[in-house]
Amino acid sequence: MGIIERIKEIEAEMARTQKNKATEYHLGQLKAKIAKLRTQLLEPPKGSSGGGDGFEVTKYGHGRVALIGFPSVGKSTLLTMLTGTHSEAASYEFTTLTCIPGIIRYNDTKIQLLDLPGIIEGASEGKGRGRQVIAVAKSSDLVLMVLDASKSEGHRQILTKELEAVGLRLNKRPPQIYFKKKKTGGISFNTTAPLTHIDEKLCYQILHEYKIHNAEVLFREDDTVDDFIDVIEGNRKYIKCVYVYNKIDVVGIDDVDRLARQPNSIVISCNLKLNLDRLLARMWDEMGLVRVYSKPQGQQPDFDEPFVLSADRGGCTVEDFCNHVHRTLVKDMKYALVWGTSAKHYPQNCGLVHHLEDEDVVQIVKKKKREEGGRGRFKTHSNVPARIADRQKKAPLKQ
């Protein structure tokens with residue numbers, strides 16, 4: 001029996017099992033088994049070389065956004081309108097067969113937009129090059145899930161389910177669970193908050209399923225069994241997602257209003273070029289890019305080329321800004337002068353841990369190199385040799 005058949009068999013058993021207090025331990029073990037099998041499904045087959053038939057492209061710019069959706073929902077048309085890069089669009093499905101990158105120039109930054117082939121139900125199992133598409137989405141900073149406003153709401157649930165099956169968690173934050181394997185000492189279970197979805201016995205059973213008998217576990221919040229399994233697996237990617245409903249020009253105003261009020265959703269029309277400016281603004285807000293301008297000492301700030309920071313790519317502190325300028329600048333920095341919304345007054349003397357905000361101006365003041373031994377009459381050393389034998393004799397006076 002293959003891995004996919006075993007997964008379907010366990011899912012059928014979970015569907016047959018009633019959910020109550022008596023079966024929650026059994027359901028927890030079945031969830032752990034499915035997570036292990038799906039991890040094996042994503043691993044490359046043994047004996048194969050590292051190279052595959054993927055279509056990963058080189059990262060470029062200050063952020064990466066991936067377009068994911070079913071075939072013929074308008075992904076290629078959206079890429080052409082936002083970036084100017086031509087991506088073939090036609091009235092038949094699967095027009096795009098590979099990854100087509102484009103560059104959005106917005107607010108003095110460059111954002112890479114990837115047009116990926118359409119995925120279908122069963123993409124997490126490898127259907128329709130689904131694994132390659134989802135692998136590219138894992139390396140993105142933001143996912144735009146393009147949906148057809150005239151189709152049913154089931155498309156959104158299908159795509160979310162396919163992405164979660166391969167370890168992508170959309171619009172979620174990592175669970176506050178501390179987990180560390182140990183060599184000896186058994187399992188140490190502690191919690192700082194009351195738990196309603198999991199208890200110590202179920203935790204032990206899940207760890208036993210993974211053949212972990214020595215570990216330290218600490219729950220800092222009320223998390224579920226799925227969150228605990230995600231922490232044990234350790235290969236989950238928590239990524240932001242915006243649901244983009246295209247083709248709003250073919251539905252009624254009531255449906256447009258209902259879709260626009262859903263969380264993390266925005267409505268557009270590529271045919272009539274409606275609401276594309278708000279889509280760019282929403283992308284900018286979700287990615288959280290921070291532009292920081294440098295100011296040389298005694299000169300005007302350089303507003304032409306900002307340094308772009310983000311929480312997902314390193315951080316937004318003064319130390320991260322110094323590392324962007326040069327890796328040795330952190331050692332030489334004495335303090336930083338900051339102008340902008342993050343400063344309490346202009347300028348503010350800040351250290352390395354100060355968090356910068358968008359359009360801040362930063363001037364780095366370096367440490368002055370002290371001359372060894374003092375200066376002038378405060379010198380603590382002289383150039384005279386220490387031994388008398390080493391001193392040079394003066395030339396005799398002329399007679």
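Since this is a predicted model, take the numbers as computed values, not measurements.
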Salt bridge flag under 4.0 Å for residues Glu221 and Arg173: yes
Donor-acceptor contact below 3.5 Å, side chain Thr191 vs main chain Ala193: yes
Distance (rounded to the nearest 0.5 Å) between Asp312 CG and Arg64 CZ: 14.0 Å
Criterion side-chain contact (heavy atoms from CB on, under 4.5 Å) on Met145 and Val244, from CA distance to verdict: CA-CA 6 Å; Met145 188 180 291; Val244 182; over 6 Å; no
Side chain proximity check, Leu329 to Lys366, heavy atoms < 4.5 angstrom: yes
Atom NZ of Lys334: over 12 foreign heavy atoms under 6.0 Å: no
Flag, side chain of Asp320 to backbone of Cys316, donor-acceptor distance under 3.5 Å: yes
Which atom of Tyr210 lies closest to which atom of Ala32, heavy atoms considered: OH-O, 3.7 Å
Check: Lys75 side chain, Phe70 main-chain N or O, donor-acceptor pair, under 3.5 Å: yes
Crowding at NE2, His208 (>12 non-hydrogen neighbours, <6.0 Å): no
Backbone of Leu280 reached by a side-chain donor or acceptor of Asp277 within 3.5 Å: no
Closest contact, heavy atoms only, Ala66 versus Leu116: CB-CD1, 4.1 Å
Test log, rule side chain to side chain donor-acceptor pair (under 3.5 Å), inputs Ser294 and Asp302: CA-CA 6 Å; Ser294 60; Asp302 181 15; 4.8 Å; no
Gap separating the CG atom of Asp360 from the CG atom of Leu309, nearest 0.5 angstrom: 10.0 Å
Exceeds 12 heavy-atom contacts within 6.0 angstrom, atom CD of Glu305: no
Worked check of side-chain contact (heavy atoms from CB on, under 4.5 Å) between Lys33 and Arg6: CA-CA 10 Å; Lys33 287 181 181 180; Arg6 290 165 63 188; over 6 Å; no
Note: Arg282-Asp285 ion pair, threshold 4.0 Å (strictly below): no
In one Ile/Leu/Val/Met/Phe/Trp/Tyr side-chain cluster, 4.5 Å: Ile232, Val166: no
From NZ (Lys182) to CD1 (Ile212), nearest 0.5 Å: 12.5 Å
Distance, nearest 0.5 Å, that separates CZ of Arg220 from CD1 of Ile177: 10.0 Å
Side chains of His155 and Val73 in contact at under 4.5 Å (non-hydrogen atoms): no
Side-chain (Ser265) to main-chain (Arg261) donor-acceptor, under 3.5 angstrom: no
For Tyr243, the option from Asn171, Leu159, Leu144 that meets side chain to side chain contact (heavy atoms under 4.5 Å, CB included): Asn171
Presence of salt bridge, Arg258 and Asp254, under 4.0 angstrom: no
Min side-chain heavy-atom separation Tyr238-Asp230 under 4.5 Å: yes
Shared hydrophobic cluster for Leu67 and Val267 (ILVMFWY, side-chain gaps under 4.5 Å): yes
Common cluster, Leu207/Tyr178, ILVMFWY with side-chain heavy-atom separation under 4.5 Å: no
Side-chain ion pair, Asp148 and Lys247, N-O less than 4.0 Å: yes
Donor-acceptor contact below 3.5 Å, side chain Thr224 vs main chain His197: no
Non-hydrogen side-chain atoms of Leu27 and Val225 separated by less than 4.5 Å: no
Side chain to side chain, Gln348 and Leu337, heavy atoms closer than 4.5 Å: no
Of Lys172, Lys237, Arg236, the residue whose pairing with Glu164 passes salt bridge (Lys or Arg N to Asp or Glu O under 4.0 Å): Lys172
Same cluster (ILVMFWY, side-chain, under 4.5 Å), Met81 and Tyr245: yes
Any donor-acceptor N/O pair, Ser310 side chain to Gly315 backbone, under 3.5 Å: no
Approximate separation, where rounding is to 0.5 Å, of Leu82 CG and Cys270 SG: 7.5 Å
Ring-face cation contact, Tyr25 with Lys201, 6.0 Å cut, 45° max: yes
Shared hydrophobic cluster for Phe321 and Val308 (ILVMFWY, side-chain gaps under 4.5 Å): no
Test item: Leu142 and Ile239 side chains (from C-beta on) under 4.5 Å apart, heavy atoms: no
Nearest non-hydrogen partners of Pro296 and Gln300, listed with the distance: CD-O, 3.8 Å
Nearest heavy-atom neighbours spanning Thr83 and Gly102: CG2-C, 3.8 Å
Derivation and outcome, side chain to side chain donor-acceptor pair (under 3.5 Å), residues Arg291 and Thr109: CA-CA 8 Å; Arg291 294 165 293 172; Thr109 61; over 6 Å; no
Aromatic ring pairing Phe189/Tyr204, orientation class (parallel under 30°, perpendicular over 60°, tilted between): perpendicular
Side chain to side chain, Leu276 and Leu78, heavy atoms closer than 4.5 Å: yes
Ser269 versus Asn246, closest heavy-atom pair with distance: CA-OD1, 3.6 Å
Intermediate values then yes/no, side-chain contact (heavy atoms from CB on, under 4.5 Å), Phe228 and Val217: CA-CA 10 Å; Phe228 183 53; Val217 181; 3.8 Å; yes
Any donor-acceptor pair under 3.5 Å from Asp222 side chain to Thr196 backbone: yes
Working for side-chain contact (heavy atoms from CB on, under 4.5 Å), residues Val143 and Leu168: CA-CA 10 Å; Val143 169; Leu168 273 175; 5.5 Å; no
Sidechain-backbone polar pair: Asn275 side chain, Ile266 backbone, donor-acceptor under 3.5 Å: no
For Val65, the option from Asp141, Val242, Leu113 that meets side chain to side chain contact (heavy atoms under 4.5 Å, CB included): Leu113
Value rounded to 0.5 Å, distance of CZ in Arg313 from NZ in Lys59: 4.5 Å
Closest contact, heavy atoms only, Ile364 versus Met333: CG2-CG, 3.5 Å
Heavy-atom donor-acceptor pair, Tyr346 side chain to Gly340 backbone, under 3.5 Å: yes
Check: Leu352 and Thr317 side chains under 4.5 Å, non-hydrogen atoms: no
